Amino acid sequence: MTLSFTATVTDRDVEVSFDVADGETVALLGPNGAGKSTVLSVVAGLLRPDAGRVELAGRTLLSTGGYADQARVDVAPHRRRVALLAQEPLLFPHLTVLDNVAFGPRSAGVARAEARSRAQEWLDEVGIGELADRRPGQLSGGQAQRAAVARALAAEPDLLLLDEPMAALDVAVTPALRQTLRRVLAERTCVVVTHDVLDALLLADRVLVLEGGRVVEAGPTREVLTRPRSAFAARLAGLNLVVGAWHDGALVLDDGTTLAGLVAGESPVDGEPVVAVFRPTAVAVYRSAPHGSPRNVVPATVTQVEPLGDLVRVRAGDLNADVTAPAAAELELVPGVEVFFSVKATEVDVYPA
Amino acid sequence: MTLSFTATVTDRDVEVSFDVADGETVALLGPNGAGKSTVLSVVAGLLRPDAGRVELAGRTLLSTGGYADQARVDVAPHRRRVALLAQEPLLFPHLTVLDNVAFGPRSAGVARAEARSRAQEWLDEVGIGELADRRPGQLSGGQAQRAAVARALAAEPDLLLLDEPMAALDVAVTPALRQTLRRVLAERTCVVVTHDVLDALLLADRVLVLEGGRVVEAGPTREVLTRPRSAFAARLAGLNLVVGAWHDGALVLDDGTTLAGLVAGESPVDGEPVVAVFRPTAVAVYRSAPHGSPRNVVPATVTQVEPLGDLVRVRAGDLNADVTAPAAAELELVPGVEVFFSVKATEVDVYPA
Amino acid sequence: MGQTRAVGLPRWVVVPAALGALFVLLPLVAIVAQVDWSNFWGLITSESSRTALWLSLRTSTASTVVCVLIGVPMALVLARTSFPGQGVVRSVVLLPLVLPPVVGGLALLYTFGKRGLIGQSIEVVGTTVAFSTIAVVMAQVFVALPFLVVSLEGALRTGGERYEVVAASLGAGPTTVFLRVTLPLAMPGLVSGAVLAFARSLGEFGATVTFAGSKEGVTRTLPLEIYLQRETDPDAAIALALVLVVVAVLVIGLARQGRSAL
Amino acid sequence: MGQTRAVGLPRWVVVPAALGALFVLLPLVAIVAQVDWSNFWGLITSESSRTALWLSLRTSTASTVVCVLIGVPMALVLARTSFPGQGVVRSVVLLPLVLPPVVGGLALLYTFGKRGLIGQSIEVVGTTVAFSTIAVVMAQVFVALPFLVVSLEGALRTGGERYEVVAASLGAGPTTVFLRVTLPLAMPGLVSGAVLAFARSLGEFGATVTFAGSKEGVTRTLPLEIYLQRETDPDAAIALALVLVVVAVLVIGLARQGRSAL
Amino acid sequence: GGDDDDTTVTVYAAASLKKTFEQLASDFEADHDGVTVELVFGGSSDLVSQIQNGAEADVFASADTANMDKLTADDLQGQDPQDFATNTLQIAVPPDNPADVSSLQDLADPALDLVLCAPDVPCGAAAQGVAEAAGLTLDPDSEEQSVTDVLGKITSGQGDAGLVYVTDVLAAGDDVMGVEFPESADVVNTYPITTVEDSDESDLAQEFVELVLSDSGQKVLTDAGFGAP
Ligand SMILES: Nc1ncnc2c1ncn2[C@@H]1O[C@H](COP(=O)(O)OP(=O)(O)OP(=O)(O)O)[C@@H](O)[C@H]1O
Ligand SMILES: Nc1ncnc2c1ncn2[C@@H]1O[C@H](COP(=O)(O)OP(=O)(O)OP(=O)(O)O)[C@@H](O)[C@H]1O
Ligand SMILES: [Mg+2]
Ligand SMILES: [Mg+2]
């Protein structure tokens, strides 16, 4: 289910090219109007680019030709085995919520009863199982969004395209749905558009940052989010990521350092690989080891000090700490200095790797 | 422009009553399907409740009667002087973006040229001034949302109703638009629905938490967000808020303690009242004063220690610190203990009060 | 129950609307006033009237079905595809509207008649449509088809396309999209188009008399009977016209019950 | 330029659609084949033909304007309000569709004629409308009005209401909403309704001949001229019918140019 | 009616009189300076009902006595109607006469596609009359509303034979062929004419009626196939 994508849409000033490996989830990030939805429309076959080529699992879905060896191809949307969750929910107004979700399975030839029971499962999964018999017109904004997510997931396509799946959701349901998506997307090939760095981090293997219709940055999620190069990614990210194994309620690094944190979802079992994430702004820097509530104190050597807006980013190997300029001056932070990075366990999120 | 609202919508199981004072902004929080949009629809006159009474600035906008002294009243939406930004942008498809925004002023009788120039100003304000001549069909999701915000603001009504004004916006534009709204809403009477605690904090004077169609919590924003009682509000909030005056680049409390932080927007002038906000999870607790990058170290006496899920919330007067249970045990935190609360300046947001 | 409320109408529209309604209503009242009620029952239950009414109902129903069967695909092709000459095709489909029905009948005669364009080929198959009930249905389809196509094409254009796209991206093939999304969403347009087609078929006179002739029980529908009665017994003609009106009101009313949106 | 693509049509719809198009097209071809081309020019440019064509164009235009002026408010009231008896009103408005035009003409005569329901009151004002050009326009309005109302009501129902609500909440009064939101959004429906009304007016025969008579230059429109010619000179009738067809195609084509969405 | 500087005589005449009355009208205008003859043609019953409903007619020429009787029943005639022409039936067949029709008896052949006027309209009544006189029962495939409809079926070849008036066969020219039959004399249709009461131009109307009845008028009519009254 590898996706290979190249397209130019002249009147929207979009010129993008990227690949998605089999089973991989790629997050599309970027400011409003960057071209994220445009890319998804081209993949889904709803927008025909001026030039381009889209291949999925070896099948050519689109080719505007132009090269001697390429025929013009434009596979109809329903034959692409690509499901799109668009930015608007667009639930079919004449069908119940259940039938909306069952629409994909039904179209794939699944029997009515079976399709409905699958649909009900998906609805339960997104937390609106009890609204199955309503019409879309009787849902609140967030409920409609969840039904649309369930509908896209139920279609079980080769490639899943999600345009802001978490939009309009309340804070109480977001973490749960994120976990659901994380689980579902693990084995799927997927492109997800999001404005939330946590979505990118948890769902995506790789990140693509679009700006002004061009890819300005691409790479494995952790790399991009920890060492963003584009202006937009820097605004979102710069997160610290630490990989280790879970032992006795904490992450243990190879060198034996432990890192306590809050576990999202179920607690990992001992020995399971986990990843800890925390923001550089949450990291305090000390010249001598402090003693207090912060569980995590890591000795480190400053490798780089760089201004980041009105802050100073202090790098020590893979870890970043953002401190104010007066603090950096007072602690005389320059490369080579030995320091202690301290971060409260409450600021550290731990996820199964 | 006081709003007084009571309404029951039986089939949506909504039964809500509240007041908004002149010039006040009230945030409506609550899970999906709680009835937030329903309340706004009733105020705007788009939904007629089964029973209820809506008064704005002394005018009765709606009364379903029922009491001997009350006549049935139902003022038409366009006469209510209430503008609604709905959850969907719903820009008029046949008008340009500029004419969409100019629609409100034009309807109020403003001359064409004047209305357009005002519309252009609002578009510039929300950052899409260069898209004025486009049709709504040629905008991206976030651009359309911004145009809809501009259109609602341009209408200059007595009462402004905003349903998730920040939905679909990218991270780069959110802070700027939040500042714009903050400025605009300062003198306006407004009800804003949001899922983001920062919106509530910055925009609203008071907060109303809805759950299952009922008001489960209401009060001044700071109070609700710092000491939430409802389950939903607790999930969102529990923030620390400190009020003081701005001196030499830091907030100075009455007792002389200073608090450094990051200023959102323009820097306050010396002597200006400001408020600092930071999350309890960002607060580290020490038994002896630490020396390190954290600018802010405040001596405090623990007044209360209470479990909060898998954390422990340590209260010292108005300030909260959330620490893990092992940390609380190790530091022997019980009421009466003298401690130091430390929070990095990078974790503190400072706003003009 | 909470009620979504519509935006108020400008008050002034009521005046021209009422004038228009009056303009249509008054002539109907005048017809009712003309009816000779003492003989009314006898007139409308006469053998020939009943035969004509029954024929009219049968042929109109048949022609409505035919209109739906060929009109829905036509509307779909016009609304959802573009091909060179589409404008011309659309104009041609609308032409029976503008053609005086008698000319339409002549055109049918020149086409499907004994010596018509393809009449000979039909005759080879062993049947003539001439002077048969089939000819009546053909004449009715010819004049009623544009109504269905125009109504439905309008409905297809205003609604639906966004949902069709969603359906396709969920893996639904064109036929599934058509049956489960396009058609249900365009149903109000289809129903009103079918009602229009039925009504037009029911009232059809000129094309029928020219193409199918007028024989009791075979081709003499109610409008033909009315026209004929008018020569000798104007009272009977008025009475029958009233029957036609009542039938039409019933049909339109029933169609509205089935679907609220005509 | 990027192109949004439509969902494909089910292939099979092309077959019935083509059959339907053929069914309409063949008779038109047959008519063209019947035309006596050697005399064609002379026939259609004769004094009486030109007079009739000119009268037809004038009256059809006038009746289309009247239909728009009273039909738009009627459609609006039907689509956007609900009142007791609305179903009956809607049925009544549709009745001229089902009434054989001759009966419609009779009804008009019984209403506005000298001895009609309100004919006397009109006469007091000093004019008789029957048998004048005004009568032609009235007959055309009577038969064409339902087309406009039905098309427009459909368009008003499918689109728009959500946007009207938004407009009202931005402070726009009903008239502003109507002029700046409702009408522009329903424009495709209005245009197709107006084209239908014009076409129906252009082809109107039965009601006109009954209510307005057939006086050259005053009430004898092209369909009446065709009818009359047919009595004596069928070739001329066919030639004139072709003129009518050409005029209709031109009008429909022009309307489509103005608005892509008929 | 009429304009200030122009006098108009309005003549309501049966549609079958179109050619002849157009000729007569131009003759009349030639003799009367500044006078215009307005001709209104239609089915006789339509014309009567229009006059009854206030149409401003000065002269009415009917294709049968029945419709003229409706006018006189309402006392709308300006004078007693006078017969000015007669018409008899003829068999109309397509030019190649595919069914080889040569007599009235041939019409009784059930294999023949026969088209008649309905008994309710004058030409149908006449057809029934000749059939009865000849002792025949005719079983038509269609009973048309008017002569024109019968002719339409014959010219298009749809019908093999029909019964229409002599004048109609003549007017149709080469498109149909007429077959005379002796029994036609048994039923003669009469055309009456009269001035209309309350006519603004009763003198001119009277003069027009006189022109129709005059020798020159009668010549125009007989040229078109009408019989003398
Ligand atoms: N139908 C259209 N015609 C022309 N331009 C369009 C059209 N739709 C979008 N655009 C423009 O193309 C660019 C890319 O739009 P796109 O919808 O892909 O952005 P996006 O990255 O999805 O933004 P958002 O985060 O706001 O959804 C934008 O500048 C937008 O204004
Ligand atoms: N038209 C309707 N008919 C019946 N019930 C409705 C209708 N619209 C919404 N509801 C129901 O009423 C309740 C309140 O909906 P409302 O739209 O006010 O929620 P909300 O608080 O705005 O939620 P969200 O955050 O998802 O926008 C929900 O349970 C919803 O399912
Ligand atoms: Mg987008
Ligand atoms: Mg809502």
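Given the structure is predicted, the values throughout are model-derived calculations rather than measurements.
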Between [X] and chain C, which part of the residue has a heavy atom less than 4.5 Å away: side chain, backbone, both or neither?
X: A:Arg106; result: side chain
X: A:Leu91; result: backbone
X: A:Glu88; result: side chain

List the steps, then state whether salt bridge (Lys or Arg N to Asp or Glu O under 4.0 Å) holds for A:Asp74 with A:Arg80.
CA-CA 10 Å; A:Asp74 191 0; A:Arg80 294 193 172 200; 2.8 Å; yes
Within 6.0 Å of CG in C:Leu183, more than 12 heavy atoms from elsewhere
yes
I'd like to verify something: which residue of A:Ala44, A:Pro93, A:Ala155, A:Pro157 has the highest number of heavy-atom pairs under 4.5 Å with chain C?
A:Pro93
Cationic tip of A:Arg135 within the cone over A:Phe92's six-membered ring, i.e. under 6.0 Å and within 45° of the normal?
no
Are A:Asp170 and A:Arg146 ion-paired here, with the side-chain N under 4.0 Å from a carboxylate O?
yes
